[in-house]
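Counting from 1, the numbers follow the sequence of the chain as shown.
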Amino acid sequence: MALYQSKIFGIVQGVGFRPFVTRLAARFHICGSVCNKGPYVEVFAQGSEAAVDQFLTAIEQEPPERASILKLTRQKLDQAETYADFQIIESAKERGSIFVSPDIATCDKCKAELFDPQDKRYLHPFINCTACGPRLTILDSMPYDRERTSMGEFPMCPSCQAEYDSPATRRYDAQPVCCNNCGPEVYLIGEEDVRGAAAITRTRQTIIAGGIVAIKGIGGFHLCCDATNDNAVRRLRKLKHRPIKPFAIMARDMTAVERECQVEDGQQEMLTGHQKPILLLKRKLTGQIVDNVAPGNPKIGMMLPYAPLHMLLFDYPDGLTMPDTLIMTSGNPAGAPICRDDDGAVAALSGFCDLMLSHNRKIRIRADDTVMDWLTGQPYMIRRSRGFAPLPFMLKNAWQGAVLGIGGELKNTFCVGCDNIFYPSPYVGDMSDLRTMQALRETIQRLTELLECAPKIVACDMHPRYNTVTIAKELGLPLFPVQHHYAHILSCMAENDYDAPVIGVSFDGTGYGTDGTIWGGEILQADFKGFQRLASITPFRQAGGDKASREGWRIAVSLLYDLTGDKEETRKHAKALNLCSEADLEAMFFMLDNNINTIKSTSAGRLFDAVSAILGIRTSSTFEGEASMYLEFAARKWQDEHKDALPVPAEMNTDRLFAYLLEQRLKGEDSGKLAYLFHAGLARFITAACLRARKDTGLNTTALSGGVFQNLLLTELVTTFLQEQGFTVLRHSLIPPNDGGICLGQAVAAMYHLNSE
């Protein structure tokens, strides 16, 4: 007989792992024990060599569906046989890396019970089990036990306690377990006597009548209305000051999703899995959702109900018939974090809605919905939050220490690094709002406490005036500034667990360069030690300060004036292209001539805005990325219609590419074709720059990162062109290419620095 000790690292708490191991032990006739050590689960396995091997292999290959094993160790012990059976034992918690489970969508077994009139949890809005329910959002501290969650306020009834205590049940050791007799309850804010069934029915009536409702979910409030009611959608847009930006949709089931959208291979599994993200799907022209949900957009962000309360909104025995597609957009004013409690919702959302449905289970950490696109059969993350954060990335490097990467100014997330394990936070938001700054402070404190990780150094952006840098300084730790575009490339390398030097293609809106100018279209040689700037798009002047990032016509005028060097010719072109008024044009000339409010830039994002403006697609944006997004839509539409006759542009610098597009547009060429040529031309430019870099450096691996690579058309073209030239291409999948991903790169840079001092 052999005796082995095994340590299993990863998401192995709160997912029914110990009962699972016990069942496997019975299957393979193993004696021994399993216990939760905090950072890992420890198993002692006694049996024949073959049986122990099969047992440990089964743990690794057949884990509970909500578990995520990062590492399993095996060590043979010399001691004599000591076990007569297999037991779950309690043990002292050990220090070490901690793995916190993200929130898990309601499982099918709980959903069946939710709608079973014979079940004691019939219609219970907080039903959950070992395999599903809230995790991160209710957690106060580790290890994950009920008294350290916001469910500690709700003592279990004897019936729930019996299930919680019995290894034979689905709710064994399920910390949020509760029922209609002992769990939280829903109510209407401002009418607290309207509770339970009456509150849910009033909410359904309001939505059916075309109203807007704020609804408290797992990680914060949503604003909700009927996605098939054009008046309701228009009213929500007006109240939320959101004229164009797409709204996310929650559909009752896959039947409703497939009526509205095309579902590709792999997408149904992602939509129906336990993480339930918002997935961007191609829209069908025959659907019932009104166009105004995502105006002019070929895709819709769709998700399925992931909390019991959502399921009850669609289906409730009150005789009402609900629409099967609802808008579920984050409950927050523009720029502010998602609301998580009643006071915050009343202060921020009361002007946006007719009713507020809340509940008395406290949210400890906000978690917005995760948003992902789909690229070559794989998820392509846009916003990483509920269901995914704080799932860690484990790197192969033997590092030690604790660091914090505080993240970007836009789409902020932060990253806690402990040794070689990196935990990106849920989405926080844009740092231009004082409320978001406060949310960042609170969430950093809570997550570092949960992970029992006290950072020794904080990595931040190099920009001296960023609010994230201000918050980093408040922490009183040594600062480690990391250049923005370098952080993007490191995040891509870290996600791919690649630590050799790469040619980094970092294209985005703006980032503070080491030379004091604004970068944004960069070719870098990069590794964990540092980077060298090898090339960039052609630098250009941009006038108009912060307005230039929202008003692409300003970039177009700057580029036109630099191209022609002549006011009259610029005026003639600006008029022909309907870029701006005469007064605005004169103001631009004044700024450019006198170098007032004018900077030098290599921003790829601003180049997209300028091209969008000269092609007559968008001269300005109501939300970040609007002009470039609709430029991609136009290019994709033309590509889809002309697959047999796609032109291959010559390789040219970005200033020549702009001049060519301008010339063709003034000749009356189709703007969709020119939008496609811009994408293909930029991809050719990137490929040529990487070929020159390979010649100079001998490197053959490229990494693509930065917000511009949210553009799937550009990402596909660049990948294809690079692979045709024999490059290995590293891309993102589960970390966003945009600024929501740079925290990982910052943290990795800081950890490398800490270990190489």
Q. Any donor-acceptor pair under 3.5 Å linking the side chain of Thr654 with the backbone of Thr538?
A. yes
Q. What distance do Arg366 atom CZ and Asn332 atom CG have between them, rounded to the nearest 0.5 Å?
A. 10.0 Å
Q | Steps toward side chain to side chain donor-acceptor pair (under 3.5 Å) verdict (Arg731, Thr715) | A | CA-CA 9 Å; Arg731 290 194 313 212; Thr715 307; over 6 Å; no
Q) Is Arg237 reaching over with its side chain to a backbone N or O of Arg242, donor-acceptor style, under 3.5 angstrom? A) yes
Q.
How close do Phe352 and Pro333 get, counting heavy atoms only, and between which atoms?
A. CE1-CA, 4.0 Å
Q: Of all the heavy-atom pairs spanning Leu410 and Asp739, show the shortest one and how long it is.
A: O-CB, 3.4 Å
(Q) Counting C-beta onward and ignoring hydrogens, is there a side-chain heavy-atom pair between Ile503 and Ile523 closer than 4.5 Å? (A) yes
**Q.** Derivation of the side chain to side chain donor-acceptor pair (under 3.5 Å) call for Asp670 and Tyr676
**A.** CA-CA 10 Å; Asp670 179 76; Tyr676 174 79; over 6 Å; no
(Q) Test your reading of the model: is there a side-chain donor-acceptor pair from Asp461 to the backbone of His463, 3.5 Å cut-off? (A) yes
Q: Walk me through it: do Leu559 and Asp562 pass the test side chain to side chain contact (heavy atoms under 4.5 Å, CB included)?
A: CA-CA 5 Å; Leu559 284 162; Asp562 282 354; 5.9 Å; no
Q | Glu624 and Lys411: CA distance, side-chain angles, deciding distance, side chain to side chain contact (heavy atoms under 4.5 Å, CB included) verdict | A | CA-CA 10 Å; Glu624 193 217 354; Lys411 301 180 175 66; 2.3 Å; yes
(Q) Does Arg384 form a side chain to side chain contact (heavy atoms under 4.5 Å, CB included) with Thr413? I'd like the steps, not just the answer. (A) CA-CA 9 Å; Arg384 186 179 190 272; Thr413 60; over 6 Å; no
Q) Is any side-chain heavy atom of Met588 closer than 4.5 Å to a side-chain heavy atom of Ser558? A) yes
Q. Leu440 versus Thr436: any side-chain heavy-atom pair under 4.5 Å?
A. no
(Q) Asp368 vs Ser385, test: side chain to side chain donor-acceptor pair (under 3.5 Å). Steps then yes/no. (A) CA-CA 6 Å; Asp368 249 306; Ser385 201; 5.9 Å; no
Q: Measure the shortest side-chain to side-chain distance between Leu730 and Val502 over non-hydrogen atoms and say whether it is less than 4.5 angstrom.
A: yes
Q: Could you tell me whether the side chain of Ser601 and the main chain of Arg541 form a donor-acceptor pair under 3.5 Å?
A: no
Q: Before accepting this row, confirm whether a basic side-chain N of the pair Arg636/Glu716 lies closer than 4.0 Å to the acidic partner's carboxylate O.
A: yes
**Q.** For Cys460 against Ala472, the heavy-atom pair lying closest together
**A.** CB-CB, 4.2 Å
Q | side chain to side chain contact (heavy atoms under 4.5 Å, CB included) between Val708 and Ser628, worked out | A | CA-CA 9 Å; Val708 165; Ser628 52; over 6 Å; no
Q | Inter- and intrachain pairs under salt bridge (charged side-chain N to carboxylate O under 4.0 Å, His left out), touching residues 531-540, at least two apart | A | Asp515-Arg533, Glu522-Arg533
Q. Counting only N and O atoms by type, is there a donor-acceptor contact under 3.5 Å from the side chain of Gln639 to the main-chain atoms of Leu646?
A. no
Q. Is there a donor-acceptor pair closer than 3.5 Å between any side-chain N or O of His488 and the backbone N or O of His484?
A. no
Q: Locate the shortest heavy-atom distance separating Leu714 from Ala683; write the atom from each residue and the value.
A: CD1-N, 4.1 Å
Q) Do you know the tightest heavy-atom contact between Gly408 and Thr468? A) O-CG2, 3.4 Å
Q) Okay, side chain of Glu409, backbone of Asn467: is any donor-acceptor separation there less than 3.5 Å? A) yes
Q) Are any of the side-chain heavy atoms of Tyr466 and Ile406 separated by less than 4.5 Å? A) no
Q) Under 4.0 Å between a Lys/Arg side-chain N and an Asp/Glu carboxylate O for Asp584 and Lys547? A) no
Q | Check ion pair Asp566-Lys572 (N to O, under 4.0 angstrom) | A | no
Q) ring-ring contact (aromatic ring centres under 6.0 Å, His included) with Phe709: which residues, sequence neighbours excluded? A) none
Q: Would you indicate whether the side-chain heavy atoms of Asp354 and Arg235 approach each other to under 4.5 Å?
A: yes
Q.
Tell me whether Gln483 contacts the main-chain N or O of His485 through its side chain, where contact means a donor paired with an acceptor under 3.5 Å.
A. yes
Q: Output the distance between atom CG (Asp369) and atom CD1 (Ile338), rounded to the nearest 0.5 Å.
A: 6.5 Å
**Q.** Ile537 side chain near Phe507 side chain, heavy-atom distance below 4.5 Å
**A.** yes
**Q.** Min side-chain heavy-atom separation Leu534-Asp696 under 4.5 Å
**A.** no
Q.
Is it the case that over 12 heavy atoms from other parts of the model lie below 6.0 angstrom from the NZ atom of Lys245?
A. no
Pairs of donor and acceptor atoms involving the side chains of residues 607-622, under 3.5 Å and at least two apart or interchain, shall be tabulated with distances.
unit_1: Asp609; atom_1: OD2; unit_2: Arg606; atom_2: NE; d: 2.9
unit_1: Asp609; atom_1: OD2; unit_2: Arg606; atom_2: NH2; d: 3.3
unit_1: Ser612; atom_1: OG; unit_2: Arg618; atom_2: N; d: 3.3
unit_1: Ser612; atom_1: OG; unit_2: Ala627; atom_2: O; d: 2.9
unit_1: Arg618; atom_1: NE; unit_2: Glu626; atom_2: OE2; d: 2.7
unit_1: Ser621; atom_1: OG; unit_2: Ala627; atom_2: N; d: 3.1
unit_1: Thr622; atom_1: OG1; unit_2: Glu626; atom_2: OE1; d: 2.6

Q. Are any of the side-chain nitrogens in Arg571 or Glu568 under 4.0 Å away from the carboxylate oxygens of its partner?
A. yes
**Q.** Any donor-acceptor N/O pair, Ser603 side chain to Gly520 backbone, under 3.5 Å
**A.** no
Q: Take atom CZ of Phe623 as the centre, draw a 6.0 Å sphere, and report whether it contains more than 12 heavy atoms from other residues, nucleotides or ligands.
A: yes
Q.
Given 3.5 Å as the limit, does a donor-acceptor pair link the side chain of Ser506 with the main chain of Gly706, or not?
A. no
Q) CG of Leu661 to OG of Ser671: how many Å apart, nearest 0.5 Å? A) 11.5 Å
Q) Does atom CG of Asn594 have more than 12 heavy-atom neighbours, drawn from other residues, nucleotides or ligands, at distances under 6.0 Å? A) yes
Q) What closest approach, in Å, do Leu560 and Phe658 show between heavy atoms, and which atom pair accounts for it? A) N-CE2, 4.2 Å
Q.
Once rounded to the nearest 0.5 Å, what's the spacing between atom CG of Leu722 and atom CG of Leu717?
A. 10.5 Å
**Q.** Interatomic spacing from CD1 in Ile249 to SG in Cys224 - rounded to 0.5 Å
**A.** 9.5 Å
(Q) With side chain to side chain donor-acceptor pair (under 3.5 Å) as the criterion, how do Arg435 and Gln438 come out once you've worked through the C-alpha distance, each side chain's angles and the decisive distance to 0.1 Å? (A) CA-CA 5 Å; Arg435 291 167 291 188; Gln438 190 53 33; over 6 Å; no
Q) Can you tell me how far the CD1 atom of Ile289 sits from the CG atom of Asp230, to the nearest 0.5 Å? A) 12.5 Å
